[in-house]
Participant: 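Structure in structure tokens, see below.
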Amino acid sequence: MPKGSELLVAALENEGVERIFGIPGEENLDVVEAIRTSSIELVLTRHEQAAAFMAATYGRLTGKPGVCISTLGPGALNLSTGAAYALLGAMPMIMITGQKGVLSSRQARFQVVDVVASMKPLTKLSRQIVSPSIIPTLVREAFRIAQEERPGPVHLELPEDIAAEESLPVSMVPPHPAELPVANAEALDRAAELIRHAKRPLIMLGAAASRPRSTSDLANFVIRTGIPYFTTQMGKGTVPGGTELYIGTAALSERDYVHEAIERADLIVTIGHDTIEKPPFIMGKTGPQVVHVGYQPATVEQVYFPQAEVIGDIGPSLKLLADRLEGQLPDAKALLPLRSGILERVAARAQEDRFTPQRIVHDVRAVMPPDGIVALDNGMYKIWFARNYRTQVANTLLLDNALATMGAGLPSAMTASLLYPHRRVMAVCGDGGFMMNSQELETAVRLKLNLVILVLEDGAYGMIRWKQAVDAFPDYGMTFANPDFVTYAEAYGAKGHRVERIDNFAPTLEQAFSEGGIHLVLIPVDYSENKRVLVDELSKRLPVLPEQTA
């Protein structure tokens, strides 16, 4: 008769799971043994947080839930940040944690934390498994919930005595595709009427537009309507960034150059906007009307309250909307003349002879092919990559503008390298964020990945230090000392490179990619541009109107 642990692993195989990320513990040794004799690979990490980031990124890139595992108590709680990362970022993920036996308590309350309760605010579902016989059904339900819109994490807790308990054979529940409905005709007609009457229309592509299932239909909608578009940070790449209709990325909430177009628009069609992202623009009492196109109804916020909604499967719904609009929008390109000026000013000074953010982004773009993947950690450089890095393929700039946690860049890049071993993959981390999960260098080396890790060194928590200065606070509590990063990488078996001249930067990256394996490339970063561009220059561009702050 099969054990509960064997039924769990069989149910995971039934869902097509190929890898499980994590760290085992005493309470899930039965599960680990079942994995050993299955078709599933256990990817052992050095910290549970990194395992959760890797599983979430698997879900983000494939649309199928990534799976991570931990023991009880401290191990399970270490998944919490990854759970929030997946919940806010809409990444399907399954977390499986161990627990002491529930039929007896031979160790009393040792290490026992109510993980199910702690995970409920951070997941779509958090359940304890109390009987082996329900495992196939519960696993099927967990995967369904994790994948359905809005995607996110699900937590299952398997106590060690339930994992070891034998059960009568239980049939697996076969997965089936879940097709989403398209928007209804009345909503499409209402949206089409608003768009037809717009004199200065604009399209915005948001986080949900980057779902793997949607991107080709998005491109067709933009081409068929001829309306210029901009993207949020997490919506980059959903339509080829090289198209002549791309007008920029909203890396800030207001005042940036792309906001010249946003402020002049009389109607914005937001496609896949999720208000978990830092606002790409701020709605006020006056300003453009907004048509919300999404898998789910809009979440009404103080800064976002659309006047019309088109709810359903985004791709097919956009096709039906384009059928109603194609050839009927004489003013579609009214805002397009602003494009060249916006993009030229954003790209200004990108080839200066110093380690400015603009030059760093320029050189990274130069060595990355169109399908190359750059995974960003969180720091000041994220704003610059969002503004300046042009994408041509969806999900090739992986950044987190939802939870915006530090420490996710390296694990995310590792998953991308696992999934796409023949594509160039780069992690970009600040020295602060890199050290939060730098132990995963050992994991990357052990897995024989091909990965370049770019570390930008300024010896400080740079983004917060910048905001501290902008808010006129004294410089305090933000600086630190670093190890010798080159030696640090080499201690793990990776190759380390220190670049001291900007003209050696791109050649060093190119050499690292050509050699293969794990390479850490260390460069200094000159953040003097933060104030010059993002404060002084943009503050002169256009005053914020009073109603925009409502």
Side-chain angles (χ1 to χ4, degrees), residues 346-377 379-391 396-399 409-410 413-414 416-417 423-435 438 441 444-445 449-460 462-463 479-530 532-533:
V346 167
R349 303 172 71 162
Q351 298 187 55
E352 285 196 346
D353 190 24
R354 39 188 196 118
F355 287 96
T356 64
Q358 300 99 308
R359 177 63 188 270
I360 292 168
V361 174
H362 173 274
D363 285 10
V364 169
R365 178 68 279 182
V367 301
M368 297 301 286
D371 69 345
I373 297 174
V374 174
L376 301 183
D377 206 90
M380 196 67 218
Y381 50 87
K382 187 180 78 170
I383 293 175
W384 291 100
F385 270 87
R387 289 176 93 237
N388 293 41
Y389 191 85
R390 297 287 295 277
T391 51
T396 52
L397 184 66
L398 303 182
L399 58 81
L410 175 56
M414 289 165 60
S417 182
R423 290 163 67 174
R424 287 190 173 186
V425 178
M426 179 188 298
V428 179
C429 307
D431 46 5
F434 172 69
M435 288 302 291
S438 64
L441 276 174
V445 170
L449 301 180
N450 293 312
L451 177 63
V452 172
I453 302 141
L454 175 62
V455 177
L456 312 181
E457 186 172 33
D458 66 335
M463 176 175 280
T479 60
F480 47 73
N482 285 317
D484 181 332
F485 282 116
V486 171
T487 303
Y488 185 78
E490 291 171 349
Y492 283 109
K495 295 184 179 179
H497 311 264
R498 179 178 287 100
V499 180
E500 296 177 341
R501 291 172 50 87
I502 189 63
D503 54 350
N504 292 332
F505 177 44
T508 301
L509 294 178
E510 188 64 47
Q511 176 190 348
F513 278 119
S514 298
E515 289 183 8
I518 305 298
H519 292 258
L520 184 149
V521 177
L522 177 69
I523 62 172
V525 57
D526 179 356
Y527 275 147
S528 62
E529 291 290 275
N530 293 344
R532 188 191 70 80
V533 174

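As a basis for the values below, the full set of heavy atoms in this structure was taken, side chains included, without hydrogen atoms, waters or symmetry mates.
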Participant: Which pair of non-hydrogen atoms, one from A427 and one from A413, has the smallest distance, and what is that distance?
Facilitator: CB-CB, 3.6 Å
Participant: With a 4.5 Å limit on heavy-atom distance, are the side chains of I518 and V452 in contact?
Facilitator: no
Participant: Grab the two heavy atoms, one from A494 and one from V445, that are nearest each other, plus how far apart they are.
Facilitator: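 Here A494 and V445 meet closest at N-CG2, 4.0 Å.
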Participant: Please report the C-alpha distance between E510 and R424 in whole Å, then the side-chain angles of each, then the deciding distance to 0.1 Å, and finally whether the salt bridge (Lys or Arg N to Asp or Glu O under 4.0 Å) criterion is met.
Facilitator: CA-CA 10 Å; E510 188 64 47; R424 287 190 173 186; 2.6 Å; yes
Participant: Could you check whether any side-chain heavy atom of Y488 comes within less than 4.5 Å of a side-chain heavy atom of N482, counting everything from C-beta outward?
Facilitator: no
Participant: Could you go through the side-chain contact (heavy atoms from CB on, under 4.5 Å) check for R498 and I523 one step at a time?
Facilitator: CA-CA 6 Å; R498 179 178 287 100; I523 62 172; over 6 Å; no
Participant: So, do H362 and V364 sit near enough that their side-chain heavy atoms are less than 4.5 Å apart?
Facilitator: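 Contact flag for H362/V364 side chains = no.
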Participant: How long is the span from the OG atom in S438 to the CG atom in L410, to the nearest 0.5 Å?
Facilitator: 8.0 Å
Participant: Rounded to the nearest 0.5 Å, what's the gap from OG1 on T391 to CD1 on I373? Could you check?
Facilitator: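 If I round to the nearest 0.5 Å, the distance is 12.5 Å.
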Participant: Would you sort out whether M414 and L451 count as a side-chain contact (heavy atoms from CB on, under 4.5 Å), showing the intermediate values?
Facilitator: CA-CA 7 Å; M414 289 165 60; L451 177 63; 3.8 Å; yes
Participant: I want to check something: taking the side chain as every heavy atom from C-beta on, are F434 and F485 in contact at a cut-off of under 4.5 Å?
Facilitator: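 With C-beta onward as the side chain, the pair touches.
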Participant: Please tell me if the side chains of L509 and V521 come closer than 4.5 Å, counting only heavy atoms from C-beta onward.
Facilitator: yes
Participant: Just verifying a value: how many Å separate L454 CG and L520 CG, rounded to the nearest 0.5 Å?
Facilitator: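 Reported to 0.5 Å precision, the distance equals 8.5 Å.
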Participant: To the nearest 0.5 Å, tell me how far W384 CH2 sits from L376 CG.
Facilitator: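 Here the rounded value is 14.5 Å.
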Participant: Between Y381 and F385, what is the ring plane arrangement, given parallel below 30°, perpendicular above 60°, and tilted in between?
Facilitator: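 Ring orientation, 0 to 90° scale: perpendicular.
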Participant: Using the ring of each side chain (for Trp, its six-membered ring), is H519 parallel, tilted or perpendicular to H497, with breaks at 30° and 60°?
Facilitator: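 Geometry flag for H497 against H519: parallel rings.
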Participant: Less than 4.5 Å apart, side chain to side chain, heavy atoms only: is that true for M463 and I383?
Facilitator: yes
Participant: Give a yes or no on this: more than 12 heavy atoms of other residues, nucleotides or ligands lie within 6.0 Å of atom CG of D353.
Facilitator: no
Participant: Over all heavy atoms of both residues, which pair between N388 and V346 is shortest? Give the atoms and the distance, please.
Facilitator: ND2-O, 3.1 Å
Participant: Evaluate the salt bridge (Lys or Arg N to Asp or Glu O under 4.0 Å) criterion for residues K495 and E490: first the C-alpha distance (whole Å), next the side-chain angles of each, then the deciding distance (0.1 Å), finally the verdict.
Facilitator: CA-CA 5 Å; K495 295 184 179 179; E490 291 171 349; over 6 Å; no
Participant: Establish, from distance only, whether the side-chain atoms of E352 and Q358 form a donor-acceptor pair under 3.5 Å.
Facilitator: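 The criterion, which ignores hydrogens and geometry beyond distance, is not satisfied for Q358 and E352.
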Participant: For the pair D377 and K382, find out whether any cationic side-chain nitrogen is under 4.0 Å from an anionic carboxylate oxygen.
Facilitator: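 No, no charged N to carboxylate O under 4.0 Å.
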Participant: Got a second to check how far D458's CG is from F355's CZ, nearest 0.5 Å?
Facilitator: 13.5 Å
Participant: State the OG1-CG distance between T356 and D526, to the nearest 0.5 angstrom.
Facilitator: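 Going from the OG1 atom of T356 to the CG atom of D526 covers 7.0 Å.
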Participant: Step by step, work out the side-chain contact (heavy atoms from CB on, under 4.5 Å) result for V374 and L398.
Facilitator: CA-CA 6 Å; V374 174; L398 303 182; over 6 Å; no
Participant: Do you know the tightest heavy-atom contact between A416 and V425?
Facilitator: CB-CG1, 4.0 Å
Participant: Do E457 and L522 make a side-chain contact, defined as non-hydrogen atoms from C-beta onward lying under 4.5 Å apart?
Facilitator: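 Counting from C-beta outward, E457 and L522 do come under 4.5 Å.
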Participant: Could you check whether any side-chain heavy atom of F480 comes within less than 4.5 Å of a side-chain heavy atom of M435, counting everything from C-beta outward?
Facilitator: no
Participant: What closest approach, in Å, do R354 and S528 show between heavy atoms, and which atom pair accounts for it?
Facilitator: NH1-OG, 3.5 Å
Participant: Do side-chain atoms of R365 reach the backbone of P369 as a donor and acceptor pair under 3.5 angstrom?
Facilitator: yes
Participant: Please give me the minimum heavy-atom distance between F505 and I360, naming the atom from each residue.
Facilitator: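 Closest pair (atom of F505, atom of I360, distance): CE2-O, 3.9 Å.
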Participant: Checking N450 side chain against G516 main chain: does a donor-acceptor pair fall under 3.5 Å?
Facilitator: no
